[in-house]
Structures are given as structure tokens and as C-alpha cells.
Student: 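Take a look at the following structure, please.
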Amino acid sequence: MRYSRLLAPTIKETPAEAEVVSHKLMLRAGMIRKVAAGIYTYLPLGLRVIQKVSQIVREEMNGAGAQEILMPVVVPAELWRESGRWDLYGKELLRLKDRHDRDFCFGPTHEEVVTDVVRKEVRSYRQLPVNLYQIQTKFRDERRPRFGLMRGREFIMKDAYSFHRDEADAEREYGVMVETYKRIFARCGLTFRAVEADTGAIGGSFSHEFMVLAETGEDEIASCNSCDYAANVEKAESRHHGLPVGWGAAASASPGEPSREAARPVESVPTPGKKSVEEVSGLLGVDPRRLIKTLIVVADGAPAAVLIRGDHDLNEVKLSRALGCQAVALADAAVTERVTGAPVGFAGPVGLSGVRIVADRLVEGMVNAVAGGNAADTHLVNVNPGRDFAVSLYADLNRVRAGDRCPRCESGALRIDRGIEVGHVFKLGAKYSEAMGATFLDEDGKERPFVMGCYGIGVGRTAAAAIEQNNDADGIVWPLPLAPFSVLVLPLNVRHEASRTAAEDIYRGLLGGGVEAAIDDRDERAGVKFKDADLIGIPLRVVVGEKGLAEGMVEIKERRTGTVHRVPRDEAIPRVVSMI
RNA sequence: CGGGGCGUAGCGCAGCCUGGUAGCGCACACGGUUCGGGACCGUGGGGUCGAAGGUUCAAAUCCUUUCGCCCCGACCA
């Protein structure tokens, strides 16, 4: 590619709309341009990167035995009604009508379509398993698109769906996909982790997310420093031993003996103006672990009280899963006061009526705890679960923190990192096949629903994540496999005949050798070309200058390290080839 | 969806409070000088001030409505 013909409109100033580095740099490097909120045009450089990611995905998926197909973007509502998701999916599903007033949607995911294909075309267990994937533009009408390609409304995704005769084979394929994904992200040159994830609205039995580690990630992931346990914080557990604090020095993360402390009678104590755990524990001189924190929440419209040990935080995702409800939110002051009969800050489980009380499993063993008194400026001490109040449900509701003990191994502690979700694999089971009557005949001639799996990769998001992880003050530092070009030949002065000719020769030689090369043949000052080259982030740069050329030399510079290799011009091509 | 903010040249912004001929930097075009890290000088083109309505002799500026975009939160295969 000749830069003089390339539409790569780089900009010096950062557009105001960009918040994260990948978005800023994609705009500045002339890779993408916004058309509407969360909707972008991919300019030539951006598209080349997308194609690089796609090609890696394609090769690895094909290598794993999957087959590429391409499904429609516009999907008739009937299919979504069959699965029940037409009514469940909500506003993220972009719905439209055709000229006959029939309902359609713009596919945000394609379980229904692919299940429809397979139920029509696959009849026998002999035809299984089958894994079909596509790389396609999706649309989800996100409430709040942001961060450029990281969370767009329209985005390119690889989605794969596998169909199996039984659970065991689905699990086998799941394992194959996990390994395939690891290869894909490794080939992309990314630092990532596969973590256990919440299955969310799509349902299914278990799932893993693939997280590219980056400060700006929207997700938090907990991982063990000793074993290979890693999970999204939404789902992560820590080791409790099911105990309260073993009174004395033991911390939550340490094993302890069950408390032998004898239960004492409840007493009311004045705690004027002391609302937070810190204030109350400070006033009473007790360890925060001895407090029961009572949160009033609204779960699918109904208020409930949630009990958490004082030093812990509520994990709302775990709570909503435990309650089996769709939406959980902290209640506002009015609801809290109505439920507890007290100002915010003095809620407690004792004497609460009319609301469900759910508690973290750690609360169950607490003895002589401190809790709100459901009256202004009042707390209760020596509160004991079971004796003083009833809990309708105990569950793990604790949000893990760095330093918590690993739930899987004896010695490990958890650390928390931020990550960008670039891939997600699910075991779906028969949810869609049953809903849509997608069945096959097994060896016994018995009709059975397909057992399914689904596997997604955000292609554009992967490119963005690569930038989040690979950039410096001058711009993008592409990992070679994702770079729009491997090498840029840069004649310093195209009006200098010998430089231009030498650069053209090298450029053509590289192309002839199958190297993805570009040449900056613009009549621009050297500084401008250098700045653009750094911004765009092409891994290798061959600089052809008048002085060097006089000595028969050119320079090869590595974008990532800044290392410059001075080589004879005739050796430039083999040197470049050896470096990529 | 709740809260906050912003829409003025392609981009980044000032002007608005206190109404009176629409500005700056970058980018762009032309001329000259320059030429290994986003050059300099000069000249020039480019604006329905997001849109609609209202107040006023007069609206980018004040009022109302509306659309778009951004941020925080909630939410999110």
C-alpha cells in the first residue's frame, strides 16, 4: 500500500468524545470514524486489523473442526418468539417492521437462527457433532455505548454454536473451544486469562470468559496466586470455612474454631448519628467482623433485607442469582424507612416484618453480633441469628477482595485484576433446542433434543483490547499478528531520487517476498512521517535517508523497543523477513 | 432509565453571565523559505452558532420545546 493513496486521516488532537486509550488512538490513527453513538465506519487501517483478527479466528476455528457459515442479520420475529426471547430480551433487541408490517429484529446473537437451520437439516446422531460459526456484524441497542469499539452498538463478532447428542460430548467440545480460544488470543499476542463466569441472561450451566488484562477493563477478575483458579468477581468465591470470626486474632481469611462464646441477652445501645460500620464499630469498640450489616434492597419490585458481615461487601450478582430474580437494586431512603421504621443507617434484622431476610452464609454462625435496632440512633448488641431473627435464605453473597483465600486450594490468596471480556464460551444444554423443538434420532430411534454450546469472540473488541495492552506515548504498538502492515518503508525525502528509488526497490522486494509492506511515499517532512508511523504503530520501519544511502545503508527500527538496526541496503529485505 | 455536562468552521475550543457586524489554534488551498521527529512567513477559502418556536428594534447570547453527543450510576450473550 502506498501511503499517498491510503485514507488514514491521522489527527494530532484527541477528539473530545474518546475516554479510553484504544478509542483515542483508533480515532487519532485514522482507523475508525463514528457515524452515530456506538456505530462506526472502519477505515482502511481499522479494517485491516479487524481482518487480521478475523483470519486468526477463522484459521483456529477451522482447525478445531468448526465450519463457517453466514446467517442473516435481519431475523424474523417468529424464531425469537419460539425461543421466548422476543418478549424477554428487552430494549437491547433492535426491532423493525418490513413493508408488510411483519416483525423482524436485527440479530444480536443467533441461537434461534442456527437452531432453526440445524433442526431442519440434521436428523440423526450420525450427523453429530456439528459446530457452526460465523463472523458477522451484530447489533445490540446498548443503553450506554461507550469506549469506541469496546462497547459499540453495532459490532463484529464471531459466534459459534455446537450441537451434540449428549452432555458428555457437549462438554468435550467445550473443552476443545476453551483450548482453541487460548490459541486464538495467544496468536493475537495478548495477555489474557480464562475465568469462570456468571452465565447471565443467556442461561446455561457453566461458562468461561476470556479476559484481556488491562487497567481500563470493565470487569474485575479474581485469580489465585497459587493454583489456576480464576473467576469474574461477579461469581468469584473465597474460602470462609463457614465460620464467623473465631474470636481473637483470627481474620476472615484464616481458619478458625467455631465460636464457643455463650450467647448473651440482646441489649439496646444508643448510637446517636453513628450509621456506618466504621462509626458503629468505632463507637462500641468492636471488630467490624462482629457487625451484621443490613441492606434493604428491592428485588424485582419487592423489598428484602440482606445481611452481610460488617467487614464484607454485597455482591449484587450473587444476590440476584440467589433470589432468582432479574433486577436487584439498593432501596432508596423512603423504602428503607418504610421497611425498617427508622432512618437509613439503623436497619437491622431483629423485629423486621413483612420482608424476606436473606443472609450471607457467614452470618449464620455469628454469635453476639451487633446490628441496627430499626430505630433512630439505636443499635442492638448480642444479636444471634436463629434466636433473635429468622433468615429465609443463606447464600454466598460476599464480594471477594484481594487477599481473600482461594476457594480451591489450601495455600493460595486471591488477587484482583481488571480485564476486558473478549471471548465467552457457554454450555447451553437443551434450552434452545427444547424450546424450538430441535431434535434428532439417537441409536435407539428415540427423539432427543440437541445439547448445545455457544462460543463468542468480540472481534472489534479484541482489536481494541490489543491497543489497551499495547501502546505508548507515541501511539499504538501493534503486536505483529494484528498490525495492519508488518513493515513501513519510509523514504525521508521522496524528492531525492536515489532515496525514492531505493525505498521503492525495498518496498517491492518485500511485497514480492510476501511481506505485508507499505511505503510512505508522501512528500512530507520526515517528522510528520515519523509521527504518523509511530501513531499507527506498524511494528517495523525501514528508513531510507540520503546520508545513510550514500554509505549504502538503511535503518530498520522496531516500534516496540525503539531499537535501530543499521544494515546495508541490499540486506534490508532479508533482515526484515527474519524479524517477522 | 436516573443524575450531570456539552452542541459555535473538518478537529480542539473562546465568545453566552451583562443581547449590538462570529473569533482563536490546528487542519485545508496557494506562494516563498525550510527539510532525520507533527517547520516558518505571507495570502486565502470555509459557519443556516444542533433544530423549531418565542421575547426584542436587534438573539450564538434570554425563554420554551426538541434532537444529538459525552460523563457518572443502574444495566449488559
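The figures that follow rest on heavy atoms only: side chains count, while hydrogens, waters and symmetry mates do not. Naming convention: chains lettered A, B, ... in sequence-line order (proteins, then strands); numbering from 1 in each chain. A quick note: this is a predicted structure, and the numbers were derived from the prediction, not measured.
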Student: Any donor-acceptor pair under 3.5 Å linking the side-chain atoms of A:Glu173 with those of A:Ser162?
Tutor: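 No - no donor-acceptor pair under 3.5 Å links their side chains.
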Student: Tell me, please, which residues at least two apart from A:Ser499 pass side chain to side chain donor-acceptor pair (under 3.5 Å).
Tutor: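 Partners of A:Ser499 by the side chain to side chain donor-acceptor pair (under 3.5 Å) criterion, ordered by chain and then number, come out as A:His496.
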Student: What does nucleotides 37-42 of chain B look like as a protein-contact string, B for base, S for sugar-phosphate only, - for none, at under 4.0 angstrom between heavy atoms?
Tutor: BBB---
Student: Quick check: any donor-acceptor pair below 3.5 Å linking the side-chain of A:Glu555 to the base of B:G36?
Tutor: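 Check passes, donor-acceptor contact within cut-off.
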Student: Tell me which nucleotide, if any, is Watson-Crick or G-U wobble paired with B:A60 when both distances must be under 3.5 Å.
Tutor: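 In the structure as shown, B:A60 has no Watson-Crick or wobble partner.
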Student: What is the nucleic acid contact for A:Pro108, judged by heavy atoms within less than 4.0 Å: base, sugar-phosphate only, or nothing?
Tutor: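 Base: the residue A:Pro108, judged by heavy atoms under 4.0 Å, touches a nucleobase.
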Student: Show me the donor-acceptor pairs, under 3.5 Å and distance only, between side chains in residues 461-470 of chain A and residues at least two apart or in other chains.
Tutor:
{"from": "A:Arg461", "atom 1": "NE", "to": "A:Met150", "atom 2": "O", "distance (Å)": "2.8"}
{"from": "A:Arg461", "atom 1": "NH1", "to": "A:Glu421", "atom 2": "O", "distance (Å)": "2.8"}
{"from": "A:Arg461", "atom 1": "NH2", "to": "A:Met150", "atom 2": "O", "distance (Å)": "3.1"}
{"from": "A:Thr462", "atom 1": "OG1", "to": "A:Gly458", "atom 2": "O", "distance (Å)": "2.6"}
{"from": "A:Glu468", "atom 1": "OE1", "to": "A:Thr216", "atom 2": "OG1", "distance (Å)": "2.5"}
{"from": "A:Glu468", "atom 1": "OE2", "to": "A:Ser22", "atom 2": "N", "distance (Å)": "2.9"}
{"from": "A:Glu468", "atom 1": "OE2", "to": "A:Ser22", "atom 2": "OG", "distance (Å)": "2.7"}
{"from": "A:Gln469", "atom 1": "OE1", "to": "A:Thr191", "atom 2": "N", "distance (Å)": "2.8"}
{"from": "A:Gln469", "atom 1": "NE2", "to": "A:Thr191", "atom 2": "O", "distance (Å)": "2.8"}
{"from": "A:Gln469", "atom 1": "NE2", "to": "A:Leu213", "atom 2": "O", "distance (Å)": "2.8"}
{"from": "A:Asn470", "atom 1": "OD1", "to": "A:Arg560", "atom 2": "NH1", "distance (Å)": "3.2"}
{"from": "A:Asn470", "atom 1": "OD1", "to": "A:Arg560", "atom 2": "NH2", "distance (Å)": "3.3"}
{"from": "A:Asn470", "atom 1": "ND2", "to": "A:Ala466", "atom 2": "O", "distance (Å)": "2.8"}

Student: Determine the interatomic distance between C1' on B:C40 and the same-named atom on B:G25; round to the nearest Å.
Tutor: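 It works out to 16 Å between them.
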Student: Are A:Arg559 and A:Asp472 within salt-bridge range, i.e. N to O under 4.0 Å?
Tutor: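 A salt bridge links A:Arg559 with A:Asp472.
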Student: RNA chain B: A:Tyr455 or A:Glu546, which has the more 5' nearest nucleotide?
Tutor: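 By nearest-heavy-atom nucleotide position, the 5'-most residue is A:Glu546.
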Student: Mind checking the P distance from B:U61 to B:U21? Whole angstroms is fine.
Tutor: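 Each nucleotide's P atom is 14 Å from the other's.
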Student: Would you tabulate the nitrogen or oxygen pairs shorter than 3.5 Å linking the protein to nucleotides 66-70 of chain B?
Tutor:
{"from": "B:C69", "atom 1": "OP1", "to": "A:Ala37", "atom 2": "N", "distance (Å)": "3.0"}
{"from": "B:C69", "atom 1": "O3'", "to": "A:Lys34", "atom 2": "NZ", "distance (Å)": "2.9"}

Student: For the ring-ring contact (aromatic ring centres under 6.0 Å, His included) test, which of A:Phe155, A:Trp80, A:Phe139 pairs with A:Phe106?
Tutor: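 Exactly one option meets the ring-ring contact (aromatic ring centres under 6.0 Å, His included) with A:Phe106, and it is A:Phe139.
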Student: Tell me yes or no: between the side chains of A:Lys138 and A:His110, is some donor less than 3.5 Å from an acceptor?
Tutor: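 Looking only at side-chain atoms, A:His110 and A:Lys138 do form a donor-acceptor pair, the distance falling under 3.5 Å.
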Student: Using heavy atoms to find the nearest nucleotide of RNA chain B for A:Val544 and A:Gly456 separately, return the residue whose nucleotide is more 5′.
Tutor: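 Nearer the 5' end of the strand: A:Val544.
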Student: Please identify each residue that fulfils side chain to side chain donor-acceptor pair (under 3.5 Å) with A:Glu142, with sequence neighbours left out.
Tutor: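 For A:Glu142 the side chain to side chain donor-acceptor pair (under 3.5 Å) partners, ignoring immediate neighbours, are A:Arg151.
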Student: Please list all pairs meeting salt bridge (Lys or Arg N to Asp or Glu O under 4.0 Å) that have one or both residues in residues 72-81 of chain A, counting only residues at least two apart or in different chains.
Tutor: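 Listed once each, the pairs are A:Glu78-A:Arg81, A:Arg81-A:Asp103.
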Student: Going by the rule side chain to side chain donor-acceptor pair (under 3.5 Å), which residues pair with A:Asn493 if we only count those two or more places apart in sequence or in a different chain?
Tutor: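 Not a single residue meets the side chain to side chain donor-acceptor pair (under 3.5 Å) criterion with A:Asn493.
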Student: What residues form a side chain to side chain donor-acceptor pair (under 3.5 Å) with A:Asp417, not counting sequence neighbours?
Tutor: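 Listed in chain order: A:Arg415.
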Student: Roughly how many Å apart are B:G68 and B:G15, using the P atom of each and rounding to a whole number?
Tutor: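 Approximately 27 Å lies between the P atom of B:G15 and that of B:G68.
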Student: Sequence neighbours left out, what passes ring pair (Phe, Tyr, Trp, His ring centres under 6.0 Å) with A:Tyr40? Give chain and number order.
Tutor: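 Ring pair (Phe, Tyr, Trp, His ring centres under 6.0 Å) check on A:Tyr40 returns A:His23.
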Student: Test: salt bridge (Lys or Arg N to Asp or Glu O under 4.0 Å). Region: residues 7-22 of chain A. Which pairs qualify, not counting sequence neighbours?
Tutor: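 Those involving residues 7-22 of chain A are A:Glu17-A:Lys34.
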Student: Taking only N/O atoms, report every protein-nucleotides 4-6 of chain B pair under 3.5 Å with atom names and distance.
Tutor:
none

Student: Figure out the CZ/P separation between A:Arg143 and B:C71, and round it to whole Å.
Tutor: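 Value for this atom pair: 17 Å.
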Student: Say we look at B:G3 and B:A74: how far apart would their P atoms be, to the nearest angstrom?
Tutor: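 Taking atom P in both B:G3 and B:A74, they lie 16 Å apart.
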Student: Testing the 3.5 Å rule here: is there a donor-acceptor pair between the side chains of A:Gln134 and A:Asp159?
Tutor: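 The criterion, which ignores hydrogens and geometry beyond distance, is satisfied for A:Asp159 and A:Gln134.
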Student: Does any nucleotide pair with B:G10 by Watson-Crick or G-U wobble geometry, both distances under 3.5 Å, and what is it?
Tutor: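 B:G10 is paired with B:C26.
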Student: Let's test this: given Watson-Crick or G-U wobble pairing with both distances under 3.5 Å, identify the partner of B:A39.
Tutor: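 Across all strands, the one nucleotide that pairs with B:A39 is B:U33.
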Student: Identify the nucleotide, in any strand shown, that forms a Watson-Crick or G-U wobble pair with B:U55, with both distances under 3.5 Å; if there is none, say none.
Tutor: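 Looking at the geometry, B:U55 pairs with no nucleotide.
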Student: Any chance the side chains of A:His565 and A:Thr563 put a donor and an acceptor closer than 3.5 Å?
Tutor: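 A:His565 vs A:Thr563: no donor-acceptor pair found between side chains.
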Student: Partner of B:U48 by Watson-Crick or G-U wobble geometry, both contacts under 3.5 Å, or none?
Tutor: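 Looking at the geometry, B:U48 pairs with no nucleotide.
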Student: Residues from residues 490-505 of chain A sitting under 4.0 Å of RNA chain B, heavy atoms only?
Tutor: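 Nucleic-acid contacts, sorted: A:Leu492, A:Arg495.
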Student: Are the ring centres of A:Phe426 and A:His424 closer than 6.0 Å?
Tutor: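 Here the rings of A:His424 and A:Phe426 have centres that are less than 6.0 Å from each other.
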Student: What is the distance, to the nearest angstrom, from the CZ atom on A:Arg151 to the P atom on B:G73?
Tutor: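 Rounded to whole Å, this separation is 12 Å.
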Student: Does any nucleotide pair with B:C1 by Watson-Crick or G-U wobble geometry, both distances under 3.5 Å, and what is it?
Tutor: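 Looking at the geometry, B:C1 pairs with B:G73.
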